[in-house]
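Everything on this sheet refers to the single structure shown next.
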Amino acid sequence: MSVHELETLFQDKVDKEIKIEPKDWMPEKYRKTLIRQISQHAHSEIVGMLPEGNWITRAPSLKRKAALLAKVQDEAGHGLYLYSAAETLGISREEMLEQLHNGTAKYSSIFNYPTLAWADIGAIGWLVDGAAIMNQVPLCRTSFGPYARAMVRVCKEESFHQRQGFEILLTLSKGNEAQQRMAQDAINRWWWPSVMMFGPKDDESPNTLQSMKWKIKRFTNDELRQKFIDVCAEQVKFLGLMLPDADLKWNEERGHYDFGKINWDEFWQVVNGNGPCNKQRLDARRKAHDEGEWVRQAAVAYAEKKKMKATMVAA
Ligand code: FAQ
């Protein structure tokens with residue numbers, strides 16, 4: 001069969017909603033796009049542990065500490081499912097980590113912002129996990145089987161994360177003036193970076209068109225961003241707080257909220273390594289990787305020992 005015929009059959013399968021599995025034929029560009037997206041997604045989950053991990057020892061009660069600890073552990077699990085899904089496409093975990101550590105692979109812009117106060121943990125849960133869910137629920141129907149299946153569990157856990165974040169903000173919003181101010185300040189700082197998480201606007205997104213055709217993406221960046229803004233504009237009313245956008249206004253004709261200008265210059269600065277915490281995040285990742293070397297060596301030695309014992313018993 002010619003490559004053209006294979007490509008037609010492949011697209012036909014995608015159009016019929018038949019999942020693509022690792023051993024199926026796929027266009028090289030489809031494989032590369034998935035490796036890029038899934039590994040970036042995995043890196044985001046792992047780097048995403050850092051801003052929150054920062055607050056585990058300072059959470060205001062045992063209940064909050066336990067919930068935050070569980071959440072951060074969940075993010076590690078998400079990273080691991082995603083690395084495993086990417087590995088089925090023929091890239092090793094070592095290669096992916098090397099790309100993260102040498103700066104050639106991206107991770108979500110959002111994790112390059114600092115967590116300055118306890119309320120930031122609430123804002124991350126509500127807004128960052130909220131944005132992640134908006135993006136990831138459609139990924140449960142993405143065309144590549146292992147990625148779609150990994151997303152089902154991830155989304156269930158993210159949904160718990162989002163609620164714990166909202167509940168932190170709700171508690172603070174019913175507290176004293178200082179607590180209310182802290183909650184509002186966290187929302188002010190996390191709102192626009194969360195809106196940017198969905199990626200560049202559609203006419204500046206080089207990958208969207210092809211990824212939509214291959215059903216890797218089910219909605220464009222702007223479509224998901226608008227859904228997110230519509231949901232948050234309603235939810236913030238329950239908190240009695242505000243989103244920091246003077247232009248946020250319901251548009252009856254569009255059936256959506258209009259919103260203010262996004263600072264795309266800030267977005268690209270952060271994506272290209274010049275955000276407030278890019279250096280700190282990568283340094284922390286590299287340090288953790290280096291210091292974990294002995295754990296990886298011990299795990300391999302243990303696996304080898306177990307295998308040897310099993311062969312001896314069998315013999
Ligand atoms: N940050 O053409 P597009 C989470 C890059 S998980 C950095 O639109 P695409 C859980 C993009 O890679 C959050 N870079 O690209 C959690 C591309 O660069 P390249 C992560 C970004 O792939 C919560 C270039 O810009 N979620 O939060 C960003 O079609 C709380 C052009 O962009 C996922 O990764 C960005 N925000 O669409 C954890 C979901 N946006 O590689 C802890 C899966 C774009 O061509 C605590 N990924 N870029 O040089 C996706 O859905 C897509 O990859 C998009 C980008 C929508 C992110």
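Please read all numbers here as calculations on a predicted model, not as lab measurements. Any value given below was found using the heavy atoms of this structure, including those in side chains, with hydrogens, waters and symmetry copies removed. Atoms within each ligand, like the ligands themselves, are counted from 1 in listed order.
Counting heavy atoms under 4.0 Å from ligand 1, residue Leu224 does not touch it at all. Looking at Ile110 against ligand 1, nothing comes within 4.0 Å, counting heavy atoms. Looking at Met197 against ligand 1, both its backbone and its side chain come within 4.0 Å, counting heavy atoms.
Counting non-hydrogen atoms of other residues, nucleotides and ligands closer than 6.0 Å to CD of Glu177 gives a total of 12 or fewer.
Nearest non-hydrogen protein atom to atom 31 (C) of ligand 1 is Pro206 CD, 3.7 Å. For atom 40 (N) of ligand 1, the closest non-hydrogen atom on the protein side is Gly199 CA, 3.2 Å. Scanning all protein heavy atoms for the shortest distance to atom 4 (C) of ligand 1 gives Ala132 CB, 3.7 Å. At the shortest separation from atom 29 (O) of ligand 1 among protein heavy atoms lies Lys217 NZ, 2.6 Å. Taking atom 44 (C) of ligand 1 as the reference point, the nearest protein heavy-atom neighbour is Pro200 CD, 3.6 Å. The protein non-hydrogen atom at the shortest distance from atom 12 (O) of ligand 1 is Gln40 OE1, 2.7 Å. Residue, atom and distance of the protein heavy atom nearest to atom 28 (C) of ligand 1 are Phe267 CZ, 3.6 Å. Protein heavy atom at the shortest distance from atom 51 (O) of ligand 1 is Asn135 ND2, 2.9 Å.
Cluster annotation: Met197 and Val137 are assigned to distinct hydrophobic clusters (Ile/Leu/Val/Met/Phe/Trp/Tyr, side-chain heavy-atom contacts under 4.5 Å, transitive). Phe198 is connected to Trp268 through a chain of hydrophobic side-chain contacts under 4.5 Å among Ile, Leu, Val, Met, Phe, Trp and Tyr, so both are in one cluster. In this structure, Trp25 is a member of the same hydrophobic cluster as Ile91, with clusters built from ILVMFWY side-chain heavy atoms closer than 4.5 Å. By the criterion of side-chain heavy atoms lying less than 4.5 angstrom apart, applied directly or through intervening Ile, Leu, Val, Met, Phe, Trp or Tyr residues, Val236 is not grouped with Ile133; the two fall into different hydrophobic clusters. Under the 4.5 Å side-chain contact rule for hydrophobic residues, Phe111 and Leu116 do not share a cluster.
Residue contact check: Ser205 has heavy atoms under 4.0 Å from atoms 2 (O), 3 (P), 8 (O) of ligand 1. Near Phe198, with a cut-off below 4.0 Å to any heavy atom, the atoms of ligand 1 are 56 (C). Ligand 1 places these atoms under 4.0 Å from at least one heavy atom of Tyr107: 1 (N), 7 (C). Taking every heavy atom of Glu75 and a limit of under 4.0 angstrom, the matching atoms of ligand 1 come to 16 (C), 30 (C), 38 (C), 42 (C), 46 (C). Set against the non-hydrogen atoms of Ser44, the atoms of ligand 1 under 4.0 Å away are 13 (C), 20 (C). Below 4.0 Å from some heavy atom of Glu45 lie the following atoms of ligand 1, by number and element: 6 (S), 10 (C), 16 (C), 38 (C). Residue contact check: Gly48 has heavy atoms under 4.0 Å from atoms 42 (C) of ligand 1.
Looking at Lys106 next to ligand 1, an N or O pair under 3.5 Å apart turns up. The N/O atoms of Trp268, backbone and side chain alike, include none that comes under 3.5 Å of an N/O atom in ligand 1. Residue contacts with ligand 1: Tyr147 is placed with no nitrogen or oxygen under 3.5 Å of a nitrogen or oxygen of the ligand (distance criterion only). The shortest N/O to N/O separation between Gln136 and ligand 1 does not fall below 3.5 Å. Here's the thing with Ser109: one of its N/O atoms is less than 3.5 angstrom from an N/O atom of ligand 1. An N or O contact shorter than 3.5 Å is missing between Glu158 and ligand 1 by distance. Looking at ligand 1, you'll find an N or O of Asn207 within less than 3.5 Å of one of its N or O atoms.
Under a 3.5 Å cut-off, the side chain of Glu52 and the backbone N or O of Ile121 do not form any donor-acceptor pair. A donor-acceptor pair is defined here as one N or O able to donate and one able to accept, closer than 3.5 Å; such a pair exists between the side chain of Gln226 and the backbone of Tyr257.
Using a 4.5 Å heavy-atom threshold, the side chains of Gln162 and Gln235 count as touching.
Inside a 4.0 Å radius of atom 20 (C) of ligand 1 there is at least one protein heavy atom.
Residue-ligand proximity: Glu52 is placed with a non-hydrogen atom under 4.0 Å from ligand 1. Between Ser211 and ligand 1 there is no heavy-atom distance shorter than 4.0 Å. Close to ligand 1: Lys71, with a non-hydrogen atom less than 4.0 angstrom away.
Taking the six-membered ring where the residue is Trp, Tyr81 and His78 present tilted rings, their angle falling between 30° and 60°. The aromatic rings of Phe10 and Tyr30 stand perpendicular to each other, their planes meeting at an angle above 60°, with 30° marking the opposite boundary.
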Derivation and outcome, ring-ring contact (aromatic ring centres under 6.0 Å, His included), residues Trp191 and Tyr113: CA-CA 12 Å; Trp191 172 247; Tyr113 291 85; over 10 Å; no
Verdict with supporting geometry, Ile168 and Trp126, side-chain contact (heavy atoms from CB on, under 4.5 Å): CA-CA 9 Å; Ile168 290 174; Trp126 176 42; over 6 Å; no
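Between the CD atom of Glu17 and the OG atom of Ser143 there is a distance of 9.0 Å, given to the nearest 0.5 Å.
When each of His161, Arg163, Lys156, Glu157 is tested with Ser159 by the rule side-chain contact (heavy atoms from CB on, under 4.5 Å), just one qualifies, namely Arg163.
In this structure, Lys227 forms a cation-pi arrangement with Phe219, its terminal cationic atom sitting closer than 6.0 Å to the ring centre and no more than 45° off the ring axis.
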